[in-house]
Protein chains: 2
Amino acid sequence: MALGKDYAGQDCALARALELVGERWTLLVVRDVFYGVRRFSDFQAHLDIPRAVLTARLSALVDGGVLERRRYQDSPPRDEYVLTEAGVALWPAVYALAQWAVAFLPTAAGAIREFAHVTCDAVVDPAGLCAVCGRVPPATELETRPGPGMATYHRDDPVSVALRRPHRLIEPLQPALAEARA
Amino acid sequence: MALGKDYAGQDCALARALELVGERWTLLVVRDVFYGVRRFSDFQAHLDIPRAVLTARLSALVDGGVLERRRYQDSPPRDEYVLTEAGVALWPAVYALAQWAVAFLPTAAGAIREFAHVTCDAVVDPAGLCAVCGRVPPATELETRPGPGMATYHRDDPVSVALRRPHRLIEPLQPALAEARA
DNA sequence: CCGTGTTGGTTCATTCATTGAACCGAGGCG
DNA sequence: CGCCTCGGTTCAATGAATGAACCAACACGG
C-alpha cells in the first residue's frame, strides 16, 4: 500500500482486515467474485484495472485465504479464483459499505442492484434482513436483481452485460459469458 | 488514492463508498471517531499517521459528509471532528469488517474489544445483534468494553490508555484524557 | 505446420501518493 | 520575553499505481 507495511502496530481487528482488503481495488475484486467473476481476463475487462495490480491483488487475496486458485482445465492450464469460506464471510462487510453509499451517496437513478433471498423470493433490506424469514441470509442464499438505477448504468463490455442479468451470487458467470459469445 | 480519480467509472455503490472511505488510514480514522477521538493531535498520537495525511483524510471526510468540523473553543480557535448522521451510519460497515477479522484473521489472545448494547447490558454478537432485545442497535446505543485480547494490547500513548476503559461509543474521549493528565 | 487468437501473465518508464522531518503561526502561560 | 501546545503546511525521498509493450503456452483454422 505504502511504506507502513503493517499499519503501524495497530493491534486491532479492523487494521488486520484493512491490511488484506483495504488496498485500492481489492474490495472491488472481491465484489466481482461475489457477482460470479472468476477469471483473470474477466476481472480485467470489468474493472479496467492494470494487469500488474490485478495480479498483485489476486495473489494477496489467495495468500490471505480469501480466494482459492483452482485449476479448471489442464490444457492449456487455466486457473479460476473462487471464494473460500472466509471470502464468503466478507459479504456482510461488502454489503454494508455498498448500502451505506446507496443511502448517503445516492445517485439520481437509485440503486443499481437489489439482492433477494432466493428461498423466500424477497428482496433484503439495507441491513441484509429478509422480511419473510426474518433472518440475515448468507451470500450463498442471495441473488442479485437489477434495481431502478440499472437503466442508467452503461458499460458495454461483455462482463458488465452478463452481470446485468438476475443471477445467484457466487455462482460462476462464465456460462452466461460463453452463451453471449455464441 | 492514485491516478484513477474516480475509480474508473465503476458506476456502483461500493465504488462510491470506497472513493470516500477506501483510502489508506481513512477507515481507521473513522473507527477512532467512533471510539471518541475528536482532536487532531489525538488522532495523530493514536494512529502514528503523518500529519499531512491526517489533514487530507479529515478534510476528505468533512467534504464527504462523514464528519463535521466544529469549533469547541474560540481562543485559541480549536476545532473538533464529530460524526454526522452519515458518519454514524458507517458503523455497520466498520463493525462487519472488524468482526470478519476477529473470525478469520484471529490472534492468539482473542478479540481486543467487545461491544455491548447499553440499554440491555448485553454484548452483541458478530452480526451486531443484541440477544436480549433481538435488534441490531445503532452505534449510539453501544459501549465498548475490553475483551480477552486487551491484555496483550500495549500501546502506552495517553489516547490508547484512555481507549482501554469501557466507554460509550461516539461520546468524546477528551474528559478522560484531561483527567489522566491531571 | 504456419499464422492467428486467447488467456494469463511480466516488465518497465512515468506519474502519483505516502512518509517523516522540518518549519510555521496563533495564542496561552509563567 | 521566551517557551509551550495545538493544528497545521512544506518539502525531498521513497514507494506504489498506471498503462503500454512484451511474452509464453496452447488451440484452432487452413
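All values below were derived from every heavy atom in this structure, side-chain atoms included, with hydrogens, water molecules and symmetry-related copies excluded. Sequence lines set the chain letters: A, B, ... in the order given, protein chains first and strands last, and positions in each chain run from 1.
- Taking the side chain as every heavy atom from C-beta outward, Leu90(B) and Leu97(A) approach each other to under 4.5 Å.
- Less than 4.0 Å separates DNA chain D from at least one heavy atom of each of the following residues of residues 56-84 of chain B: Arg69(B), Tyr72(B), Arg78(B), Asp79(B), Tyr81(B).
- Distance CG (Leu54(A)) to P (dA16(D)): 18 Å, rounded to an integer number of Å.
- When atom types are taken as modelled, the side chain of Trp25(A) and the backbone of Pro50(A) share no donor-acceptor pair closer than 3.5 angstrom.
- Taking 4.0 angstrom as the limit, Thr55(B) places a side-chain polar atom (N or O) nearer than this to OP1 or OP2 of dT9(D).
- Using a 4.0 Å cut-off, no side-chain N or O of Arg51(A) falls inside it from OP1 or OP2 of dT7(C).
- Checking Ala52(A) against Gln174(A), the closest nucleotide of DNA chain C that is more toward the 5' end is the one next to Gln174(A).
- Side-chain proximity of Phe40(A) to the nucleotides dA22(C), dG9(C), dT7(C) is greatest for dG9(C).
- The side chain of Trp25(A) sits closest to dT18(D) out of dG20(C), dT18(C), dT18(D).
- Judged as a ring pair (Phe, Tyr, Trp, His ring centres under 6.0 Å), and not counting sequence neighbours, the contacts of Phe34(A) are Trp91(A).
- Between the side chain of Arg39(A) and the base of dG8(C), no donor-acceptor pair under 3.5 Å is found.
- Distance, Gln44(A) CD to dG19(D) P: 10 Å, rounded to whole Å.
- In this structure, Phe43(A) atom CZ and dG9(C) atom C1' are separated by 15 Å, rounded to whole Å.
- Spacing between atom CD of Glu23(A) and atom C1' of dT18(C) amounts to 13 Å, rounded to whole angstrom units.
- Taking a cutoff of 4.0 Å between a charged side-chain nitrogen and a carboxylate oxygen, Arg39(A) and Asp32(A) do not qualify as a salt bridge.
- The distance between atom CD1 of Ile49(A) and atom C1' of dG19(D), rounded to the nearest whole Å, is 12 Å.
- With respect to the salt-bridge test (charged N to carboxylate O, under 4.0 angstrom), the residues Asp48(B) and Arg155(B) qualify.
- Annotation: salt bridge (charged side-chain N to carboxylate O under 4.0 Å, His left out) contacts involving residues 98-123 of chain A, sequence neighbours excluded, comprise Asp121(A)-Arg145(A).
- Between Glu143(B) and Arg168(B) there is no salt bridge, since none of the side-chain N atoms of the basic residue sits less than 4.0 Å from a carboxylate O of the acidic one.
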